[in-house]
Peer 1: 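Supplied in structure tokens, the structure appears directly below.
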Amino acid sequence: MTDDGTAASAATGTLGYEQARDELIEVVRRLEAGGTSLEDSLALWERGEELGKVCRHWLEGARARLDAALADPAQDEA
């Protein structure tokens, strides 16, 4: 991976769910609109993949927190 790719991955890791989702929506819109070069399309696709991973990470974390809260017997007594 290039230094640019590493920097992009690091920047992606700091995004919140809503930020990543909104940027992913924009990436998809641009890809669907067409009119970009193959190189630009590939870069958009790669960015979309990274953003998808960020969203998945946030959603999996939320699911784990919900599962933990539902499994906690102290919650039932409260």
Peer 1: Starting from the C-alpha separation in whole Å, work towards a yes-or-no answer on salt bridge (charged side-chain N to carboxylate O under 4.0 Å, His left out) for E50 and R47.
Peer 2: CA-CA 5 Å; E50 289 293 322; R47 181 64 178 163; over 6 Å; no
Peer 1: In the single-linkage hydrophobic clustering (I, L, V, M, F, W, Y; side-chain heavy atoms under 4.5 Å), do L51 and W45 co-cluster?
Peer 2: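 Shared cluster, yes.
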Peer 1: Which residue in the set L38, L42, T36 passes side-chain contact (heavy atoms from CB on, under 4.5 Å) when paired with D40?
Peer 2: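 One option only clears the test, and that one is T36.
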Peer 1: Other residues, nucleotides and ligands only: do more than 12 of their heavy atoms fall within 6.0 Å of CZ on R30?
Peer 2: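 Not buried by this count: 12 neighbours or fewer within 6.0 Å.
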Peer 1: In the structure I gave you, are the side-chain heavy atoms of K53 and H57 within less than 4.5 Å of one another anywhere?
Peer 2: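 No, their side chains stay 4.5 Å or more apart.
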Peer 1: Whether E60 and R63 form a salt bridge (side-chain N of Lys/Arg under 4.0 Å from carboxylate O of Asp/Glu) is what I want to check.
Peer 2: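 A salt bridge is absent here (no side-chain N lies under 4.0 Å from a carboxylate O).
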Peer 1: So does A43 get a backbone contact from the side chain of E46, meaning a donor-acceptor N/O pair under 3.5 Å?
Peer 2: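 The answer is no, because no donor-acceptor pair under 3.5 Å joins these two groups.
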Peer 1: Is there a donor-acceptor pair under 3.5 Å between the side chain of W58 and the backbone N or O of A20?
Peer 2: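 Looks like no, no N/O pair under 3.5 Å.
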Peer 1: To the nearest 0.5 angstrom, please state how far the CD atom of Q19 sits from the CG atom of L24.
Peer 2: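 Answer rounded to 0.5 Å: 13.5 Å.
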Peer 1: Does the side chain of V28 reach to within under 4.5 Å of the side chain of L44, using non-hydrogen atoms?
Peer 2: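 The answer is no, as the side chains (C-beta and beyond) never meet within the 4.5 Å cut-off.
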